Amino acid sequence: GRVKVWDIAKLADDIGKSGDRTPREDSVKLLFKWRAHLRAIVRMVYLKRIEGIITASADCTVRLWTLSGEQVGLFGQPTSWAIDDRDTWLDSTRALLNSPNDDKATVVSEEQ
């Protein structure tokens, strides 16, 4: 399953000003994308307080991510992690667009 994070700050303004429901192409911008799971994502929740997301997948894993694709941890992993301690994170590299680190699910699964 893949995660995409979009900047849609201009979207409401563009739709309201134009009077129609077709936004301009530059009103949405893809910020980050990555492969978060080996199988489909079945649930995703945005955590406003920490600006992160939890993903649950058909691969039977639940993971906590930053909005830039850094994997804080896998629920049930053998070593503990803490949101406020980056040294404990499972994968603290950002998911850069069009980069080889896009396939985070494979990298992390090999480490588990």
Side-chain angles (χ1 to χ4, degrees):
R2 301 192 67 79
V3 172
K4 293 183 179 182
V5 177
W6 298 84
D7 178 355
I8 60 169
K10 296 179 184 178
L11 186 60
D13 288 340
D14 284 354
I15 291 175
K17 289 177 186 173
S18 67
D20 64 20
R21 296 230 175 250
T22 307
R24 291 192 338 242
E25 189 173 315
D26 66 342
S27 64
V28 295
K29 179 182 176 188
L30 180 62
L31 299 177
F32 300 99
K33 67 177 182 173
W34 66 94
R35 184 174 177 212
H37 291 273
L38 299 176
R39 298 191 58 203
I41 294 173
V42 295
R43 180 100 165 122
M44 186 179 326
V45 177
Y46 173 65
L47 304 169
K48 184 177 181 178
R49 197 174 117 238
I50 64 167
E51 293 191 0
I53 54 175
I54 292 179
T55 57
S57 170
D59 64 14
C60 298
T61 61
V62 177
R63 303 171 190 260
L64 175 62
W65 304 88
T66 67
L67 293 179
S68 60
E70 299 160 297
Q71 186 172 190
V72 177
L74 170 71
F75 290 87
Q77 75 185 45
T79 55
S80 52
W81 46 269
I83 293 171
D84 57 351
D85 184 0
R86 292 176 68 88
D87 291 335
T88 66
W89 291 8
L90 199 53
D91 176 17
S92 61
T93 59
R94 289 179 171 219
L96 303 173
L97 293 177
N98 303 316
S99 150
N101 77 338
D102 176 61
D103 198 3
K104 293 180 155 292
T106 301
V107 171
V108 172
S109 292
E110 290 168 358
E111 295 172 1
Q112 297 165 3

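Atom set for the values below is all heavy atoms of this structure, side chains included, hydrogens, waters and symmetry mates excluded. Source: prediction; values computed, not measured.
Residues passing the salt bridge (charged side-chain N to carboxylate O under 4.0 Å, His left out) test with Arg86 are Glu70, sequence neighbours excluded. Residues that satisfy the side-chain contact (heavy atoms from CB on, under 4.5 Å) test with Ile50, not counting sequence neighbours, are Leu47, Leu64, Ile83. Partners of Trp89 by ring pair (Phe, Tyr, Trp, His ring centres under 6.0 Å), not counting sequence neighbours: none found. Evaluation of the side-chain contact (heavy atoms from CB on, under 4.5 Å) rule for Asp85 yields Ala82, Asp87, Thr88 as partners, not counting sequence neighbours. The side-chain contact (heavy atoms from CB on, under 4.5 Å) check on Arg49 picks up nothing, with sequence neighbours excluded. Residues passing the side-chain contact (heavy atoms from CB on, under 4.5 Å) test with Lys4 are Trp6, Leu30, Lys33, sequence neighbours excluded.
Listed for the Ser57 side chain is a donor-acceptor partner under 3.5 Å among the backbone atoms of Arg39.
Considering only heavy atoms from C-beta on, Leu67 comes within 4.5 Å of Tyr46 through its side chain. In this structure, the side chains of Trp81 and Val72 come closer than 4.5 Å at one or more pairs of heavy atoms.
With a 6.0 Å radius and a threshold of 12 heavy atoms from other residues, nucleotides or ligands, Leu31 has its CG atom above the threshold.
Aromatic ring orientation, Trp34 versus Trp65: tilted (interplanar angle from 30° to 60°).
Residues Leu74 and Gln77 approach most closely at N-OE1, 2.8 Å, considering heavy atoms.
The hydrophobic clustering, which links ILVMFWY residues whose side-chain heavy atoms are closer than 4.5 Å, places Val42 and Phe75 apart. Linking ILVMFWY side-chain heavy atoms closer than 4.5 Å, directly or via other members, places Val45 and Val5 in two distinct hydrophobic clusters.
Put simply, OG1 on Thr66 and CD on Gln71 are 10.0 Å apart, with the number rounded to the nearest 0.5 Å. Note that the CZ atom of Arg35 and the CD1 atom of Ile41 stand 10.5 Å from one another [nearest 0.5 Å].
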